[in-house]
Amino acid sequence: MKKLDIKQIQEIIPHRHPFLLLDYIEDYEPGQYAVGYKCVTYREDFFAGHFPSEPVMPGVLTVEALAQAGAVAILSLEENRGKTAYFGGIQKCRFRGKVVPGDKVRLETRIIKIKGPVGVGEAIASIDGKTVVSAELTFMIGQETE
C-alpha cells in the first residue's frame, strides 16, 4: 500500500486549511484510485453554524472530501503534477447517513474514465463500513498552479 501524510498530500493537491478535508491517504495508485480518511472533530469550523444544537458535517463537504481523494489519484500522475482538478459535475449523488463529530470517514474515489483533461470518478464515503455518501464525480484538469 502507498500511504501519504498531510504534507505529502499538500505536495499533490493545492487545498489548504480550512478547506483541506483529507487527513491522510491509506492507499492510492496514480490515475486509478485513492483511499483516504477525514477524522471529524467537534472543532471543525462548519459545526459553529451547521447545526449548533446537532452538529452535522454538511453533505457538500463530504462530496468535496471525496473529490479531494480523487484529485490525489489524478494529480499524482506525473503529467498532472502541479495542476488543479476542478469539479465538472456531480451525478448520482446520494446521502445515506450523517457525518458527526468523532466519525472517521473513509473516502474512496476510483477513476473510471479519462478523456483528455476530463475524467470521471466513482466515489464512496463510509463510516464503519456503512455508506454515507455515494456519487459520480466529473473533473477537469486545469493549468499548472504557482
Exercise for the section: Measure from the side-chain N and O atoms of Gln68 to the backbone N and O of Phe19, and report whether any donor-acceptor pair falls under 3.5 Å. Expected result: yes

Exercise for the section: Kindly indicate whether the side chain of Arg81, heavy atoms from C-beta on, has any atom under 4.5 Å from the side chain of Ile12. Expected result: yes

Exercise for the section: Kindly compute the distance separating OH (Tyr24) from NZ (Lys38), expressed to the nearest 0.5 Å. Expected result: 12.5 Å

Problem - Side-chain heavy atoms of Ile13 within contact of Leu22, under 4.5 Å - result: yes

Practice task
Using atom types as modelled and distance alone, determine if a side-chain donor or acceptor of Asn80 lies under 3.5 Å from a backbone N or O of Ile74.
Solution key: yes

Exercise for the section: Please say whether more than 12 non-hydrogen atoms of neighbouring residues, nucleotides or ligands are located less than 6.0 Å from CG in Asp5. Expected result: yes

Problem - Any side-chain heavy-atom pair of Leu137 and Val120 under 4.5 Å - result: no

Exercise for the section: Side-chain contact test, heavy atoms from C-beta onward, threshold under 4.5 Å: evaluate it for Val56 versus His50 and give yes or no. Expected result: yes

Practice task
Taking the side chain as every heavy atom from C-beta outward, state whether Met57 and Thr62 have any pair of such atoms under 4.5 Å apart.
Solution key: yes

Exercise for the section: With the side chain counted from C-beta on, respond yes when Asp27 and Tyr33 share a heavy-atom pair under 4.5 Å apart, and no when they do not. Expected result: yes

Problem - Any side-chain heavy-atom pair of Glu44 and Pro55 under 4.5 Å - result: no

Practice task
May I ask you to test the Lys104-Cys39 pair for a side-chain heavy-atom distance under 4.5 Å?
Solution key: yes

Handout entry: Reported CD1-to-CD1 distance for the pair Ile114 and Ile141, which is rounded to 0.5 angstrom
Key = 7.5 Å

Practice task
May I ask you to decide if Leu66's main-chain N or O and Thr109's side chain share a donor-acceptor pair within less than 3.5 Å?
Solution key: yes

Exercise for the section: Could you state whether Phe139 and Ile90 fall into the same hydrophobic cluster, counting links through intermediate Ile, Leu, Val, Met, Phe, Trp or Tyr residues with side-chain heavy atoms under 4.5 angstrom apart? Expected result: yes

Practice task
Tell me whether Leu107 is reachable from Phe46 by hopping between hydrophobic residues (I, L, V, M, F, W, Y) whose side-chain heavy atoms are closer than 4.5 Å.
Solution key: yes

Problem - Cluster link Val133 to Ile111, ILVMFWY, side chain under 4.5 Å - result: yes

Handout entry: Whether Asp103 side chain and Val105 backbone form a donor-acceptor pair below 3.5 Å
Key = no

Handout entry: Heavy-atom donor-acceptor pair, Arg110 side chain to Ile124 backbone, under 3.5 Å
Key = no

